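What you see is a predicted model, and the numbers here were worked out from it, not measured in a lab. Chain identifiers are assigned alphabetically (A, B, ...) following the order of the sequence lines, protein sequences preceding nucleic acid strands; residue numbering begins at 1 within each chain.
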There are 2 protein chains.
Amino acid sequence: MALRNAILATLLDGEASGYDLSKAFDASVANYWTATPQQLYKELESMESLGLITARVVEQDRKPNKRLFSLTEAGHAALHDFTTQPAKLTAIRDELLVKVRAIDAGDPAAVHQAIADRLDVARTKLARYDAMRAHLLAGRTEDDYLATSDRIGPYLTLMRGRAFEQENIAWAERTLRILEQRAAR
Amino acid sequence: MALRNAILATLLDGEASGYDLSKAFDASVANYWTATPQQLYKELESMESLGLITARVVEQDRKPNKRLFSLTEAGHAALHDFTTQPAKLTAIRDELLVKVRAIDAGDPAAVHQAIADRLDVARTKLARYDAMRAHLLAGRTEDDYLATSDRIGPYLTLMRGRAFEQENIAWAERTLRILEQRAAR
DNA sequence: ATTGGCATGTAACCAGTTACATGATTCC
DNA sequence: GGAATCATGTAACTGGTTACATGCCAAT
């Protein structure tokens, strides 16, 4: 159900193929939900059979044909209904944090490296988010954008993802410093 | 596997029952992993049969007996090994953000309420984290603690969870303000 | 020649959620 | 008298990951 709603919300941006969606939900760019291509193709089929989305086939030259999905009336209604349902607590689950928690009984150098890797990933994602932000703003100031744009959902979630990566960076930098001081004792 | 490692890391704090662990992994307090009691009892059984943990039964009066689990040598080794394995990207999956993304086609009042609910939860969690932090520091300054404590893993993950809730609060407050301004147009 | 992008899927498996079940004690 | 806490589990289901499969085109 959760993936279904994320797909419906994404299709508000306009029609998309399974492949398009698999890029949007890829863990390296996603800012509100992730999913693998396998999950998506399966879910799209079931959503189509339920009438929540419709597909049209686009023939391309030098590229495989693709099926572009878009929301139906029923899909819109289902999405609207979803926004009125109570949300449950979000579970924090982060393998890196499990490693950090275990650092005192683990391999400090390996955990140090894992944090450094996360720092790299976070910096890359932050740069991507900033590029997406500039693209959404399209030259307008934030205030102007928020006051005039007909859609603000994508901007608001992007800002949450951005803050998350900024926090990752700040935490990782500080944690690496602490570990280095301890290692130098 | 992931839950298994989280349990091993938690048992570094000392022996615990399934019930104790179910409280530690409850979504309302967890700062690095969450799990339900059902998951835990099942996983603990399998970990015991693999020799990663051992149980001792403690008889209590006016309370049911309990089984306290602790790490074995093999469990310690498995945890150490885990810290050396490459970590994969953490998936962002947040139902609230799906709602926010869909707000332009959804029920704005309901989404507003959902964000306000999240804000409450985040404030509660932050207060809890601060209490845990004070408990860990036990009167010492942070610098003193980091320099002298034999374990720092729990403190470092707690600080990440704390930053996460602070970001939740800042984002939610700002987002509510934006939505209210739009509603007042 | 090989890697990477475009485009779509099947199958087997593993992890997580929800519902159900039991029973004593303590607190309001 | 009813809800919350302590303490442990089974069973059915839903959701997510990993491995495997195909085939063309563009770029290095």
ask   = So, A/Trp33 side chain and B/Glu95 main chain: donor-acceptor pair closer than 3.5 Å or not?
value = no

ask   = Side chains of B/Tyr41 and B/Ser22: do they bring a donor and an acceptor to under 3.5 Å?
value = no

ask   = Quantified as the angle between the terminal helix axes (five pairs each), what is the overall bend of the helix from C/dA1-D/dT28 to C/dC28-D/dG1 to 10 degrees?
value = 50°

ask   = Will you find, in the side chains of A/Tyr155 and A/Arg133, an N or O donor that is under 3.5 Å from an N or O acceptor?
value = yes

inquiry  = Under a plain distance cut-off of 3.5 Å, with no hydrogens placed, do B/Asp26 and B/Ser28 share a side-chain donor-acceptor pair?
reply    = yes

message = Check the phosphate of C/dC6 against A/Tyr19, side-chain N and O only, distance under 4.0 Å to OP1 or OP2. Yes or no?
response = yes

task = Indicate, with a heavy-atom threshold strictly under 4.0 Å, whether A/Arg4 touches base, sugar-phosphate, or nothing.
result = nothing

query = Is B/Asp107 reaching over with its side chain to a backbone N or O of A/Asp81, donor-acceptor style, under 3.5 angstrom?
reply = no

task = Could you tell me the separation between the CZ atom of A/Arg93 and the C1' atom of D/dG16, rounded to a whole number of Å?
result = 11 Å

query = What parts of residues 60-70 of chain A reach DNA chain D, counting only heavy atoms under 4.0 Å away?
reply = A/Arg62, A/Pro64

task = Report the distance from atom CG of B/Asp26 to atom C1' of C/dT17, rounded to the nearest whole Å.
result = 14 Å

ask   = What nucleotide among C/dT8, D/dG15, D/dG16 has an atom nearest to a side-chain atom of A/Ser17?
value = C/dT8

query = Is A/Asp94 salt-bridged to A/Arg118, cutoff N-O under 4.0 Å?
reply = yes

Phosphate OP1/OP2 of D/dG16: any B/Lys88 side-chain N/O under 4.0 Å = no

key: d(CD1, A/Ile92; C1', C/dG16) in whole Å   = 17 Å

request  = State, without any angle test, whether B/Thr141 and B/Asp144 hold a side-chain donor-acceptor pair at a distance under 3.5 Å.
outcome  = no

message = Let's see if you get this right: which residues in residues 34-56 of chain B place a heavy atom under 4.0 Å from DNA chain C?
response = B/Thr36, B/Gln38, B/Gln39

query = Do B/Asn168 and A/Arg160 have a side chain donor and acceptor closer than 3.5 Å?
reply = yes

key: For the student: nearest non-hydrogen atoms of B/Ala102 and A/Leu12, plus distance   = CA-CD1, 3.9 Å

request  = Work out which heavy atom in A/Arg67 is nearest to a heavy atom in A/Ala55; give both atom names and the distance.
outcome  = NH2-CB, 3.5 Å

query = Taking all atoms of both residues into account, what is the closest heavy-atom pair of A/Ala35 and A/Leu3, and its distance?
reply = CB-CD1, 3.7 Å

request  = In whole angstrom, give the distance that lies between atom CG of A/Leu21 and atom P of C/dG9.
outcome  = 12 Å

task = Remember a base hit wins even if backbone is also touched, and classify B/Ser22 as base, sugar-phosphate or nothing at under 4.0 Å, heavy atoms.
result = nothing

query = In whole angstrom, what separates A/Lys23's NZ from C/dG4's P?
reply = 17 Å

